[in-house]
Amino acid sequence: MSLTKRRTAAVLALAAGLAAAGVAAAQGPIRGHVHIDGSSTVAPITMAAAEMFRAQQPKVEIKVGISGTGGGFKKFLEEKAELRSDISDASRPIKKEELERAAKLGVEFIELPVALDGLAVLVNPANTFCEALTVAELRRIWEPGSTINNWKDVRPGFPDLPLKLYGPGTDSGTFDYFCEAVCGKEKASRSDYTASESDNVLVQGVSGDKGALGYFGYAYFESNREKLKLVAIDPGDGNPVLPSRETVTGHTYRPLSRPLFIYVNRQAADRPEVAAFVAYLLQNGRSIVEHPRVGYVALEDDVYRAALERFNKRVTGSVYADAGNAHKPLRELFVP
């Protein structure tokens, strides 16, 4: 069974289980539709929330598309208002050019954090020589114009073995975040690698090639840990760290830990079905995000409360419009 099918089945089981356990639900019958699109990384969260919500509100139709963070923002900021999505899943904050397009179109939005994630760097389980890489080594491998195509050129002592690279496509928020964190600039990446918006394709690529090196969201590693091997990352202090729930929450897995978001169209937020769904997701954020079948790291409770208050007050705009906020903790940015 493919990763997508397994996740869909898991989401349905999660919805039934949490609904039976009495997770808080929206009150009163609601009708309507909610259109969500964007990050494949965030999609499992909104899919789970959608199925759980619909168990309580079956007359609400919720569509969750997966076109990548950049692709999601394109649909969120369509020229024609009737074609715009209501909610954009994003595995990075909205960019300057997207903010400018929103302003040009008169699109107001509410920015809401929903979870934390770590980007996992992975090799094939048959790789017995690479336990850790430095950020500098990752940069030399992935930077534009890199000619490193063999493991022996990564570090003295590594074997003569062709290096095959796998990673997300350029519309992915994971791609954007990795480029900025590792190479120091947006879109700064070599292009001669196997790119896909499907994490399942990347999993199959790395698991099927002894010389492979790839990266994608940590949750997808957890779903496929028997096929993959994690690589610890040394940020430059000589202390390599593996991604885990603990190291992501504690901000010790650097620089590849990141927040995940949803962006809600301000006008859509006043529709009862959209308002009820978003409130439901934030009220039950920990239960949804921490469930093993979803597999991300939940935010602190006060951050979820602050996000819900931000939504209820319809606070628009991005805290990341100030570039200096890019790496600040969510609590500092969202909790009053």
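In what follows, every heavy atom counts, from backbone to side chain, and hydrogens, waters and symmetry copies are set aside.
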Please say whether more than 12 non-hydrogen atoms of neighbouring residues, nucleotides or ligands are located less than 6.0 Å from [atom1] in [X].
X: Arg31; atom1: CZ; answer: no
X: Lys187; atom1: NZ; answer: yes
X: Glu137; atom1: CD; answer: yes

side-chain contact (heavy atoms from CB on, under 4.5 Å) assessment of Val34 paired with Glu61:
CA-CA 6 Å; Val34 182; Glu61 178 184 355; over 6 Å; no
With side chains defined as the heavy atoms from C-beta onward, is the minimum distance between [X] and [Y] less than 4.5 Å?
X: Lys74; Y: Asp171; result: yes
X: Ile66; Y: Glu197; result: no
X: Leu230; Y: Leu122; result: yes
X: Asp86; Y: Val264; result: no
X: Leu165; Y: Thr194; result: no
X: Tyr296; Y: Leu116; result: no
X: Phe178; Y: Leu256; result: yes
X: Val278; Y: Ile110; result: no

So which heavy atom on [X] is nearest to which on [Y], and how close?
X: Val114; Y: Ile262; value: CG1-CG1, 3.9 Å
X: Ile36; Y: Phe277; value: CD1-CE2, 3.7 Å
X: Ala115; Y: Ile45; value: CB-CD1, 3.7 Å
X: Asn150; Y: Leu161; value: OD1-N, 2.9 Å
X: Val274; Y: Ala269; value: CG1-CA, 4.0 Å
X: Trp151; Y: Ala212; value: CZ2-O, 3.8 Å

Say whether [X] and [Y] are linked into one hydrophobic cluster, either directly or through other cluster members, by side-chain heavy-atom distances under 4.5 angstrom.
X: Val135; Y: Val123; answer: yes
X: Val248; Y: Leu242; answer: yes
X: Val201; Y: Phe175; answer: no
X: Phe76; Y: Val315; answer: no

Go through it in stages, so that I can follow the logic: the residues are Arg258 and Thr174, the test is side chain to side chain donor-acceptor pair (under 3.5 Å), and I'd like the CA-CA distance, side-chain angles, deciding distance and then a yes or no.
CA-CA 9 Å; Arg258 59 176 176 171; Thr174 302; 3.1 Å; yes
Would a distance-only check, ignoring hydrogens and angles, find a side-chain to backbone donor-acceptor pair under 3.5 Å from [X] to [Y]?
X: Ser146; Y: Glu143; result: no
X: Thr46; Y: Ala43; result: yes
X: Ser172; Y: Pro168; result: no
X: Asp234; Y: Asp237; result: yes
X: Arg271; Y: His33; result: yes
X: Arg139; Y: Val182; result: yes
X: Asn124; Y: Gly211; result: no
X: Asn149; Y: Thr147; result: yes
X: Ser207; Y: Lys227; result: no
X: Arg84; Y: Lys75; result: no

Measure the acute angle between the ring planes of Tyr220 and Phe216, then classify it against the limits of 30° and 60° as parallel, tilted or perpendicular.
perpendicular
Taking atom [atom1] of [X] and atom [atom2] of [Y], what is their separation to the nearest 0.5 Å?
X: Leu83; Y: Glu78; atom1: CG; atom2: CD; value: 5.5 Å
X: Asp89; Y: Thr69; atom1: CG; atom2: OG1; value: 8.0 Å
X: Phe158; Y: Cys130; atom1: CZ; atom2: SG; value: 4.5 Å
X: Ile30; Y: Gln57; atom1: CD1; atom2: CD; value: 4.0 Å
X: Thr170; Y: Asp176; atom1: OG1; atom2: CG; value: 8.5 Å
X: Asn265; Y: Ser85; atom1: CG; atom2: OG; value: 8.0 Å

Under-4.0 Å salt bridge between [X] and [Y]:
X: Glu131; Y: Lys229; answer: yes
X: Arg245; Y: Glu222; answer: yes
X: Glu100; Y: Lys104; answer: no

I would like to know whether Leu112 and Leu308 meet side-chain contact (heavy atoms from CB on, under 4.5 Å); could you show each step before the answer?
CA-CA 8 Å; Leu112 302 168; Leu308 180 60; over 6 Å; no
I'd like to know whether the aromatic ring centres of Phe73 and Tyr263 sit less than 6.0 Å apart in this structure.
yes
Determine, using ring centers only, whether Phe261 and Tyr320 are less than 6.0 Å apart.
yes
Could you walk me through whether Val303 and Val335 pass the side-chain contact (heavy atoms from CB on, under 4.5 Å) check?
CA-CA 6 Å; Val303 179; Val335 180; 4.0 Å; yes
For Phe311, does the six-membered ring have the charged nitrogen or CZ of Arg314 within the cation-pi criterion, i.e. under 6.0 angstrom from the centroid and within 45° of the normal?
yes
Test side-chain contact (heavy atoms from CB on, under 4.5 Å) on Lys210 and Asn127; report intermediate values, then the result.
CA-CA 6 Å; Lys210 185 178 179 180; Asn127 182 325; 5.8 Å; no
